[in-house]
Participant: 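Please read through the structure below; I'll follow up with questions.
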Amino acid sequence: MTIMTEQEIGLAAILFFLGLTGVLVRRNVIFMLMSVEVMLNAAGLAFIVGGSAWGKADGQVMLIFILAMAAAEVSVGLALIIQLYHKFKSDDADSVDKMSG
Amino acid sequence: MKELLWLVVALPFAGALILALTGKKLSRMAVAIVGVGSISLAAIIAVGVGLGFLHDNPSGAAFDQTLWQWIDVFGFSPRIALHLDAVSLTFVFVVTFVAALIHLYSAPFMWKEEGYARFFLYMNLFVGFMLLLVLADNLILLYLGWEGVGLCSYLLIGFWYKDPANGYAARKAFIVTRVGDTAMVIGLFLLFTNFHTLNIQAILIAAPDAWPVGSGLAVTTAFLLLGGAIGKSAQFPLQVWLPDAMAGPSPVSALIHAATMVTAGVYLIARTHVLFSLAPVVQSIVAVIGAITLIMGGLAALYQHDIKRVLAYSTMSQIGYMFLALGVGAWSAAIFHFMIHAFFKALLFMAAGTVIWVMRDEHNMFRMGGLWKKLPVVFWTFLVGACALSALPLITAGFYSKDEILWLAYASDKGSAILWLAGIIGAFLTALYTFRMVFLTFFGSAKAEPTQRPDIGMTIPLVTLAVLSLVGGFIQLPANMGHVTLFADFIQQTLPVTVIRSVGRYTELLAQLMAGILALVGAGIAFKLYYNKPFPAAVPVRNGWQRFFYQGWDIDQLYDTLIVNPIVFLSRIDKDDVIDRCYSGLAYTATWLNGALSATQNGRLRWYAMVLAIGTIITLTILYYP
């Protein structure tokens with residue numbers, strides 16, 4: 001059974017929106033970071049599908065970039081989360097809305 | 001001797017300068033010596049200059065004295081130069097002589113007032129500017145004097161500045177005359193653009209060649225100059241400031257608002273007579289304005305109770321006669337009446353001032369009465385002035401000057417029976433209000449006692465002017481009464497001769513008889529109505545018509561309704577400046593947008609993500625469904 005390109009793209013889209021929904025509805029920053037990772041991987045999947053559809057290696061190159069960037073992002077993100085917890089004793093993203101315009 | 005002309009102008013300015021620099025340190029006596037001395041010296045030199053001029057220039061050729069170049073830019077090069085001819089010599093003589101007498105009178109009159117040095121400083125400055133005005137050889141220097149006397153008038157009306165009403169009267173005088181001055185300045189601009197010079201003689205020579213009679217430019221220019229003249233001379237419709245100007249001390253009213261400054265308009269029209277001859281329409285307007293003002297002033301004077309306001313309306317009315325004379329081309333008659341009027345009106349104002357002074361600031365004639373025994377010198381001089389003002393026939397100078405105007409208002413080529421009728425009605429009114437004033441002030445039962453005696457310095461000017469008010473007329477007698485034309489011959493060296501149309505042989509005698517009889521009848525009616533009548537010692541109760549005339553024909557109220565109130569209304573609406581609102585609107589919009597944008601920076605991470613997502617969706621939608 002061959003997998004259609006459209007179905008693969010659809011899977012990537014579903015994953016992306018699952019991740020986006022996670023970012024929007026979750027208040028726990030660790031879960032938000034995880035949702036962002038899901039979105040990144042959805043994007044990576046889309047690149048792979050594109051690369052295989054056109055028979056080119058560019059998509060796989062982009063995935064390597066995205067993985068490297070995701071590693072960096074996670075390290076920065078986790079550092080920020082630790083600082084947040086130090087300061088506010090909470091992992092709730094809404095607890096830091098102290099800016100008032 | 002005539003080379004000393006510049007000293008006549010310089011001395012009053014020098015007096016003013018000394019008083020301005022050292023006035024606070026000088027004693028009252030020293031102030032009086034500087035103030036009175038400078039003007040008296042100027043008067044003596046003026047007599048010498050006049051004699052020298054008559055001796056050297058028997059044919060009346062003008063004498064010019066250039067002092068220095070004032071401005072020289074792009075062909076506009078007025079000089080500080082003096083021009084002496086018959087007309088300006090007459091004015092210089094009257095101004096310095098009357099001013100010297102009034103200064104002498106002021107010294108005791110103002111002795112107890114605060115600001116003694118300030119008073120003489122302003123008075124000297126005024127005389128200096130007035131002499132500059134009448135001697136200027138170009139219109140821009142004349143205008144400097146013109147505005148200078150306006151300034152001094154403002155300062156002196158508001159001399160007792162602690163009362164806000166006096167300050168209001170001063171501002172009113174300044175602003176109303178400014179209306180006329182604006183017109184005059186535009187007239188000067190017109191003259192300069194057309195002739196490229198403001199030298200009066202050059203303009204008078206060039207104008208008849210450049211402008212045909214009745215051409216638009218000539219009419220416009222003459223009309224604008226007339227605007228300046230009626231503002232300064234308190235003629236209809238800019239006469240409203242003069243009665244209020246009586247807020248100043250009495251010597252100020254005598255000098256500025258009777259003898260000299262208010263006749264500057266007469267001088268201006270006589271000086272630029274060629275322009276008015278080129279614009280016959282405007283010249284007849286001059287006559288009509290004079291006729292209207294002389295009747296208006298006469299009727300208003302009839303209902304006043306303040307002795308100085310009677311004289312103020314009377315001054316308006318008498319200057320109306322001069323305008324009437326100018327309007328019918330009776331140039332020398334106008335100047336003659338100016339001179340005689342300066343004598344008797346300065347006398348009347350100073351005598352009235354003395355009465356007010358001895359009665360401790362009592363202006364209401366109904367509270368005086370019975371003064372003729374207590375103040376004999378003041379009474380007799382006042383009576384002489386009153387006779388001259390009401391032109392009682394044969395004995396007074398006022399009769400000869402006014403009779404000449406009345407006669408020429410009918411007999412000159414521009415005259416008419418209507419102008420003559422207006423003049424003769426005015427003459428009747430003049431006699432009526434003048435003797436009403438005499439009988440109310442000096443006869444009847446005494447309602448208050450005088451509290452001080454007039455000083456010798458106050459009576460000398462009164463007596464001198466009283467003598468002049470009687471004999472001053474004999475230098476110019478009508479054709480059928482001796483036919484002396486000394487004054488007319490002298491003035492006609494400078495100003496054109498009045499053209500007389502042919503009239504019947506006895507018309508002049510008839511006109512003289514009517515004028516004389518009406519003056520006597522007016523005095524008689526005043527005797528009947530006001531002599532020894534028991535009036536209550538208070539402001540009289542007035543009915544509607546009387547109040548209308550008392551308030552000067554309600555012209556003030558008319559202007560308040562038409563001009564002052566709309567302007568006040570508009571400025572009240574525009575209190576916050578409508579134009580400024582546009583700019584503050586911009587600032588408000590920017591601040592509001594700033595608030596709206598900064599409200600989105602609320603620090604909620606999920607809100608930012610949501611906005612990003614929505615933004616992405618909108619962008620994609622636009623890209624796919626353009």
Side-chain angles (χ1 to χ4, degrees), chain A residues 6 9-10 12-44 46-47 50 66 69-70 73-74 76-101, chain B residues 164 167-168 171 175 560 563-626:
Chain A
E6 283 83 2
I9 290 290
I14 289 166
L15 275 175
F16 186 85
F17 276 103
L18 279 174
L20 181 62
T21 317
V23 171
L24 293 183
V25 301
R26 283 291 190 168
R27 290 165 66 177
N28 188 318
V29 269
I30 296 177
F31 279 97
M32 287 173 76
L33 198 62
M34 286 164 67
S35 305
V36 168
E37 288 304 310
V38 173
M39 289 165 73
L40 277 172
N41 284 313
F47 273 114
I66 287 173
M69 194 206 67
E73 179 245 311
V74 165
V76 172
L78 283 175
L80 282 172
I81 288 168
I82 289 165
Q83 283 300 317
L84 180 77
Y85 194 75
H86 263 294
K87 268 209 154 73
F88 293 94
K89 301 285 174 233
S90 156
D91 55 1
D92 184 353
D94 285 3
S95 69
V96 292
D97 59 346
K98 296 289 175 276
M99 268 163 79
S100 53
Chain B
Y168 173 79
R171 286 199 301 280
I175 291 166
D560 277 351
I563 301 167
V564 179
N565 288 345
I567 290 178
V568 170
F569 175 71
L570 280 178
S571 44
R572 192 162 292 152
I573 292 176
D574 197 27
K575 190 162 63 177
D576 304 321
D577 194 353
V578 169
I579 305 292
D580 196 44
R581 277 295 172 87
C582 297
Y583 295 104
S584 13
L586 275 179
Y588 283 134
T589 316
T591 314
W592 181 79
L593 283 174
N594 166 267
L597 276 176
S598 63
T600 63
Q601 299 294 314
N602 53 10
R604 291 197 184 160
L605 200 55
R606 297 187 304 141
W607 162 259
Y608 295 162
M610 175 71 91
V611 172
L612 261 175
I614 291 171
T616 314
I617 291 167
I618 291 172
T619 315
L620 289 177
T621 316
I622 291 170
L623 281 176
Y624 279 93
Y625 306 99

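A note on names: the letters A, B, ... follow the listed sequences, proteins ahead of strands, and every chain is numbered from 1. What you see below is based on every heavy atom in this structure, not just the backbone, and it leaves out hydrogens, waters and symmetry mates. For clarity, every value in this text was computed on a predicted model and none was experimentally measured.
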Participant: Return yes if some donor-acceptor pair links the side-chain N/O of B:Arg604 with the main-chain N/O of A:Asp94 below 3.5 Å, else return no.
Facilitator: no

Participant: For the atom pair OG1 (B:Thr616) and CG (A:Leu20), what is the distance rounded to the nearest 0.5 Å?
Facilitator: 8.5 Å

Participant: Is it the case that atom OH in B:Tyr168 sees more than 12 heavy atoms from other parts of the structure closer than 6.0 Å?
Facilitator: no

Participant: Contact part of A:Leu24 toward chain B, heavy-atom cut-off under 4.5 Å: side chain, backbone, both or neither?
Facilitator: both

Participant: Is it the case that atom CE in A:Met39 sees more than 12 heavy atoms from other parts of the structure closer than 6.0 Å?
Facilitator: yes

Participant: If you take all heavy atoms of A:Met32 and B:Leu605, which pair is closest and at what distance?
Facilitator: CE-CD2, 3.9 Å

Participant: Count the heavy atoms of every other residue, nucleotide or ligand shown that sit under 6.0 Å from CZ of B:Arg606, and state whether that count exceeds 12.
Facilitator: yes

Participant: If you count the non-hydrogen atoms of other residues, nucleotides and ligands that lie under 6.0 Å from CD1 in B:Ile579, is the total more than 12?
Facilitator: no

Participant: With only heavy atoms counted, which part of B:Ala613 is less than 4.5 Å from chain A, the side chain, the backbone, both or neither?
Facilitator: side chain

Participant: Count the heavy atoms belonging to other residues, nucleotides or ligands that lie under 6.0 Å from CE of B:Met610, then report whether that count exceeds 12.
Facilitator: no

